[in-house]
Each structure stands twice: as C-alpha cells, then as structure tokens.
Visitor: 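Got a structure for you, written out below as structure tokens; questions coming shortly.
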Amino acid sequence: MASIREQFPILKTQVNGKPLVYLDNAASTQKPTRVVNAIAQYYNTSHSNVHRGVHSLSQKATQLFEEAREAVRNYLNAESSDQIIFTKGCTDAINTVASGYERLLKKGDEVLISHLEHHSNIVPWQMACERSGASLKIIPMNHKGELEWSASLLSPRTKMVAVNHVSNALGTINPIQQIIADAHAVSAAVLIDGAQATPHFAIDVQALDADFYTFSGHKVYGPTGVGVLYGKRALLEKLPPYQGGGDMIKTVTFSKTTYAPIPFKFEAGTPNMAGAIGLHEALNFMSEIGLEAIASHENRLLLYATEELSRIPGIRFIGTAENKASVLSFLVEGAHPYDVGVLLDQMGIAVRTGHHCTQPIMDYFEIPGTVRASFGIYNTMEEVDQLVRGVMRSASMLV
Ligand code: PLP
C-alpha cells in the first residue's frame, strides 16, 4: 500500500491544513506520476499529428496512439483493436451510439434504460427518442437500489437496452449478463456504461457478449478528456458516424462523402493522442497491481466502512444492494448532505454530496442528495476510520 500511495504525490498534500483523505474516486481518480510522466514524455519526444504524416515523428505518434488502442483492446478482451474507438469520455461514447441510433430508430421502436442511470445514459437516449419517435422505457428499481429486472420488459419493439454496469450513486452492480442474454433473445442491442465498473474489476466484453461498452479514462487513474467506446464490428459498421471532419473519411467530393472504416469513422478531427497514451500507462498501472487485488482491497474497504458507519446513530444508507462496488451513499438524519460535505472538507476529507447526476434515483428516495464516499486503489482502513470520525463530528455539530 505504501508503495502504491507513494506514486500519487497529491495524496501527500494538505487540504484546509489537514492531510488529504481523498474519497471522491467515483467522480474522478487521482493520477500516478507514471501517467503524468508518460504524457510529458510524449509531448517532449514524440508529438506530431497522427495518421497523415510521412515524417518520422508523425509515424512515432501514430504508433504510440495505436499501441494505446491495442492496450485498451487487451484490457477489455475485445476481439480486435479496430473495435476500440477513442472518445472524449464515457458521455461522448454514449452520445456516439445514441446519435447513431437516432437515425436507425423508427416510430414504434423502444429504448430501454434503467432507473439507476447516470444522466449521461439518460439524456442522450431521451434526445434520440424525441428525434426518432421511438419510446423510452424504464427498468424499475427497488428500495435497496437494485434493478427489478424482468425479461417481460422487452418486446420485439425493443431495439436498444442501455444500462450501467455499476451505479455511480449507489454502487449497485447490475445483473448485466442476464440483461444482455434476455435482450439478445429479442434481437435488441445492449450498451453497457462501464464508467464505474472499469476502475474496480476486470471486464471481458466477449464473455459478457456486450454490443457496446463505454468508459472514461479519468476514472481509471488516467487523464481527463479521453474515453473509450467498444462495439461489435457489425454494429459499428452499421452505425452512422457521430461527427464529420478530417480523418473519418475515405473520399470527399461536394456531392458525396464516403467514410473511413472503423474505428476512424468515429474519430473525426485530431484525436487526443496524449490522453490515449496516458490512458495506456494507467491501464498498465492497474494491470500490474492486478484487477483481482484491486477488487478485493476495495471490497474490504467497503465492508469495513459500511460496518463502522452503521454504528453512528441517525445514519441512513441509500443503496443497500446485495452486490455492490466500492461506493457508499448515506445521509445523517437531521443534517443536509451538503453541510456534512462542507464539514468533512474542513477536516481534509473529500467526499461528494448532491444528486451525483442521478436525479431520478434521488426522486425515488425523496431526498435532495446523499453524501457519497467512494474508494480507490490507494485508500486505507485508516482513512475509513478518519471518515467515520469525521461523520461523527459533523453529526454532533449539525444535529
Ligand atoms: N456513467 C457513469 C455511471 C458515471 O459515473 C459517469 C461519471 O460520473 C459517466 C457515465 C460520465 O462520465 P464522464 O463524465 O467521464 O463522461
């Protein structure tokens, strides 16, 4: 643990005069020095524009960028690296698919999303449905924050099922394997929003049989501004491009444009090479630690934090699913989550408060928001103890 923490200089800093306890990993993770160095090294030694240069630097930049694509392919166990599209982030990846489907969907078709989605897996589908005339249907959830999945929610009209692998607000791990199998039985495609799964456990898109899988670089210890869309080849080839511009074309005349093959059809303009290279390094960092080791460490933190916080009078957990990743949402009775967050910040403890871009979940529980502590590779049991002491102190001041 000491050697892992050593790689994150920010963890040695102070906030409000107190050593930082960073428990906002579901929003964004901190970056190890090797990721920052990989980006600096790229700009210092290898930068040029990719894909269209004969000169050596352009070829070097292209090689590094394409090596990053191959690293993502390997990380997701995708069939082929041309099924890996670099995007600005998870939101951009979902919009890429939704805007393509907007043109494929027809009136009478249905898109099924869940009550547990982040706004970025709600709004793009609402827009696609509004513009195409398709209907948006919702998979309900129960009071534990688990999806009430039933294959009867599907019909031959269902063309797309878009759900997250792990809920960012509650930590629920969703039964995506069952959802994918049931959706395929009615020939619906499935998009899995993996933003909160990829930081915590290994993903095998082939074993899952996911049609699309998306995630963000900045949540897996990589840089901001880069994300990934994986898709099955036949679906990506059928999907209309999201944006037009350079690099995504085969031929352009004023009367007609033909598109480049995948993945380039979806990567209009100069891509974020530095971001992809930083992401490559971040994936190496996680793989070297081992995804199983990460999952079991974070699970210990989650269980310990749940147990210790539950001793505090007036604590109420929001999201008590049987199957959870390392996200803990809670309220202190009689205290507004925002006030708890401000007091914790005074103690150097960074948690997130609010609706976590999941307003329908907050509406379900009839609450304005929660306090959310989310754990990462570098968090420790001592930090959980600090959180618990901090919440106790906040409660004694506010209630
Ligand atoms: N989906 C989930 C489940 C998330 O938690 C997030 C971000 O918090 C996103 C999508 C959007 O990710 P980004 O803002 O990096 O595009």
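We count ligands from 1, going down the list as the structure has it; atoms in each ligand are counted the same way. These numbers were taken from a predicted model, which means no experiment stands behind them.
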Visitor: Which parts of the protein, at residue level, reach under 4.0 Å of ligand 1 through a heavy atom?
Guide: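 Near ligand 1, by chain and number: Cys90, Thr91, His118, Ser120, Asn168, Asp193, Ala195, Gln196, Ser216, His218, Lys219.
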Visitor: Does the distance from a Lys or Arg side-chain N to an Asp or Glu carboxylate O, for Arg157 and Asp109, drop under 4.0 Å?
Guide: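 Salt bridge flag = no for Asp109 with Arg157.
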Visitor: Using a 3.5 Å cut-off and no angle test, enumerate the donor-acceptor pairs between side-chain atoms of residues 299-309 and protein atoms at least two apart in sequence or in another chain.
Guide:
from	atom 1	to	atom 2	distance (Å)
Tyr304	OH	Asp385	OD1	2.5
Thr306	OG1	Leu302	O	2.6
Glu308	OE2	Arg311	NH2	3.2

Visitor: With a 6.0 Å cut-off (strictly less than), is the heavy-atom count around CZ of Arg393, excluding the residue itself, greater than 12?
Guide: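 No, CZ of Arg393 has 12 or fewer neighbouring heavy atoms, counting only those of other groups under 6.0 Å.
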Visitor: Using a strict cut-off of less than 4.0 Å between a Lys/Arg side-chain nitrogen and an Asp/Glu carboxylate oxygen, indicate whether Arg233 and Asp82 qualify as a salt bridge.
Guide: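 Here Arg233 pairs with Asp82 in a salt bridge, since their nearest N and O are under 4.0 Å apart.
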Visitor: Donor-acceptor pairs are to be reported for all side-chain atoms of residues 257-267 against protein atoms at under 3.5 Å, with residues two or more places apart or in another chain.
Guide:
from	atom 1	to	atom 2	distance (Å)
Thr258	OG1	Thr251	N	3.1
Thr258	OG1	Thr251	OG1	2.5
Lys265	NZ	Leu236	O	2.9
Lys265	NZ	Glu237	O	3.0
Lys265	NZ	Leu239	O	2.8
Glu267	OE1	Arg69	NH2	3.1
Glu267	OE2	Arg69	NH1	2.8
Glu267	OE2	Phe86	N	2.7

Visitor: Under the side-chain contact (heavy atoms from CB on, under 4.5 Å) rule, collect the residues that match up with Asn142, sequence neighbours excluded.
Guide: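 Checked Asn142 against side-chain contact (heavy atoms from CB on, under 4.5 Å); matches are Lys144, Glu146, Glu148.
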